[in-house]
Amino acid sequence: MRVLIVDDDISSLTTLEACLEAFGYDVATATDGSEAFDMIQAEDFRLVISDWEMPEMNGPDLCRRVRERQLGSYVYFILLTSREKEADLVAGMDAGADDFLRKPFNPEELRVRLRAADRISSLEARDILIFSLAKLAESRDNETGAHLERIREYSLVLAEELSTRLEFQDVVDADFVRTIYATSPLHDIGKVGIPDDILLKPGKLTAAEYEVMKTHTLIGAETLAAAVQEQPTSFYTFARDVVLTHHERFDGLGYPRGLAGEEIPLCGRVVAVADVYDALTTARVYKPAFTHQKARDIILADRGKAFDPDVVDAFLSREDTFLKIRSRLQKGVSFEADPQAAQEEELALAETAG
Amino acid sequence: MEVYQMPDALLARCAGDESICRRVLDKYSQQMQVDVSALVSFVESGNCQEACRVAHRIKGASANVAAMEISRLASDIEKLAADGQQNEATPLTHELVDAWNQHRERLASLLQSN
């Protein structure tokens, strides 16, 4: 694991570096918070151990910035401090720190706290495995391409935007954002239970075939039911909600249960917009890729009907990010079906950048 | 002159490697030259905020190398500076300078050998 240690006191930094290297870690150092933040953005540090008091940017402020940045991989953050007051510990945790280490550090205490960091990292390995399984489930569908990568990026962006809004601050925290990134790729795992002649049919589905296709939400939820029962943690419940409700409509005319408004879990309402945007802007055998503008107009027209108005508003606030994600992750998908769509796309990107 | 003994606590933090301990002590010595001078200057000029910051760093660095008397003095100065008590901090600062000068001499005997 790559570790970054941050301290403006060089002798303390050298000591900690030596100890961590003796424990087998790959260590980098920084002497102030700003330098550390730049390094964290540039490299994949999974663990940061930072002094509290530093000039310019102290440890808690560094931690806060790291958490706000919502990097792809989780950064386990330990604050190194001689502070012992309860108010200080609360302030550190509030800034997003995962653990504390007293100064001067005890090597054995450091070792056991590092084990906790390793356990958290192993949970991230779980997320990678989940994504791999989701990709496997989607592999029958030839048109998927980087669909799952885009879905999780779109969902992340929508959740991040909602987290900035006062009415969602109690609901959409860093944990929600992280979890939706990890679980949104699972939204269509139920399609493994849909017969090929329906799933891969190039033409329009009949009414009966559509009813079968709709069951993928229930199949997916049943698949996760065992996990939810085994470990009814928020993670598995969240995943089940994404799978079960991403086709529900805000006006209650969706499926499988016809839930309406806030009866639909927020994660389902978010993935609904992400999924539809990707479907509209991706070429399929039966349609060309729509331009961003066209997809935007369709989603806006369904604000309050198919889609949660707040989630649509979040989408409208982050259109430029959606365009960038699409540009970055849609290279493998051909615009040959609609060359004009490609030209309009480039224009939209240029307008956003300008 | 008292011969400097490598503190067990520092040795443990340096994974038992004396050469690393020497490197840490060398860096400590260099940083302390700067920080002690700065602390005196800040306390004398009444810049309590900066005095607090430097005292905090001296406290942590000294604790790391098990120079506990210096660390304790720095901790007391830090608290006084945080409360704006320049007059009370001044004599403690002189004590810290004396303690550092004695410690520095002992360290020099170690760092200059081998």
Side-chain angles (χ1 to χ4, degrees), chain A residues 3 5-27 29-34 49-61 78-85 87-88 91-92 100-114, chain B residues 6-36 38-39 42 47 49-68 70-72 74-76 78-79 81-82 100 103-104 107 111:
Chain A
V3 180
I5 54 177
V6 194
D7 199 329
D8 61 328
D9 171 41
I10 305 296
S11 58
S12 295
L13 199 64
T14 305
T15 312
L16 186 56
E17 182 183 16
C19 194
L20 286 167
E21 284 178 348
F23 288 163
Y25 289 89
D26 178 14
V27 185
T29 62
T31 55
D32 66 69
S34 291
I49 303 176
S50 173
D51 189 26
W52 189 296
E53 293 287 351
M54 290 183 292
E56 302 216 6
M57 189 191 295
N58 63 26
D61 285 345
I78 298 177
L79 277 171
L80 191 59
T81 181
S82 54
R83 293 168 180 240
E84 287 180 336
K85 287 185 189 164
D88 290 326
F100 298 88
L101 189 62
R102 287 172 302 175
K103 279 184 109 166
F105 72 90
N106 175 299
E108 286 313 306
E109 184 185 350
L110 173 62
R111 195 194 293 269
V112 297
R113 293 192 187 280
L114 291 172
Chain B
M6 199 81 78
D8 289 341
L10 176 61
L11 207 53
R13 282 193 280 275
C14 294
D17 190 326
E18 285 199 11
S19 67
I20 296 176
C21 280
R22 283 170 181 270
R23 192 155 34 108
V24 170
L25 288 166
D26 187 41
K27 288 182 190 288
Y28 168 72
S29 188
Q30 287 177 39
Q31 188 64 48
M32 281 292 282
Q33 293 283 80
V34 174
D35 280 350
V36 170
L39 179 66
F42 289 138
N47 189 337
Q49 187 177 350
E50 287 301 303
C52 187
R53 182 182 64 79
V54 176
H56 178 83
R57 187 157 68 203
I58 291 173
K59 175 183 78 175
S62 300
N64 183 53
V65 300
M68 299 317 292
I70 299 173
S71 182
R72 181 187 58 76
S75 176
D76 291 343
E78 181 190 7
K79 287 175 191 148
W100 161 240
H103 195 77
R104 183 181 52 179
L107 272 181
L111 294 173

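Each chain gets a letter, A, B and so on, in the order the sequences are listed, and its residues count up from 1.
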- Message: Which one wins on heavy-atom pair count under 4.5 Å against chain A: B/Ala61, B/Gly60, B/Cys14?
- Response: B/Ala61
- Looking only at B/Ala9, B/Ser71, B/Ala15, B/Ala63, most heavy-atom pairs under 4.5 Å shared with chain A are made by B/Ala63
What's the spacing between [X] [atom1] and [Y] [atom2] if we round to 0.5 Å?
X: A/Glu21; Y: B/Ile20; atom1: CD; atom2: CD1; result: 7.5 Å
X: A/Asp9; Y: B/His56; atom1: CG; atom2: NE2; result: 9.5 Å
X: B/Glu78; Y: A/Glu53; atom1: CD; atom2: CD; result: 7.0 Å
X: B/Lys27; Y: A/Thr14; atom1: NZ; atom2: OG1; result: 4.5 Å

- Message: B/Arg57 and side chain to side chain contact (heavy atoms under 4.5 Å, CB included): which single residue from A/Asp8, A/Asp51, A/Asp7 fits?
- Response: A/Asp8
- Is the number of heavy atoms from other residues, nucleotides or ligands within 6.0 Å of CD (A/Glu56) greater than 12? no
- Item | A/Glu109 atom CD, neighbour heavy-atom count above 12 within 6.0 Å | yes
- Got B/Arg13 and A/Pro104 here, is their nearest side-chain heavy-atom distance under 4.5 Å? yes
- Task: Considering non-hydrogen atoms only, spot the tightest contact between B/Ala12 and A/Pro107 and give its length.
- Result: O-CG, 3.5 Å
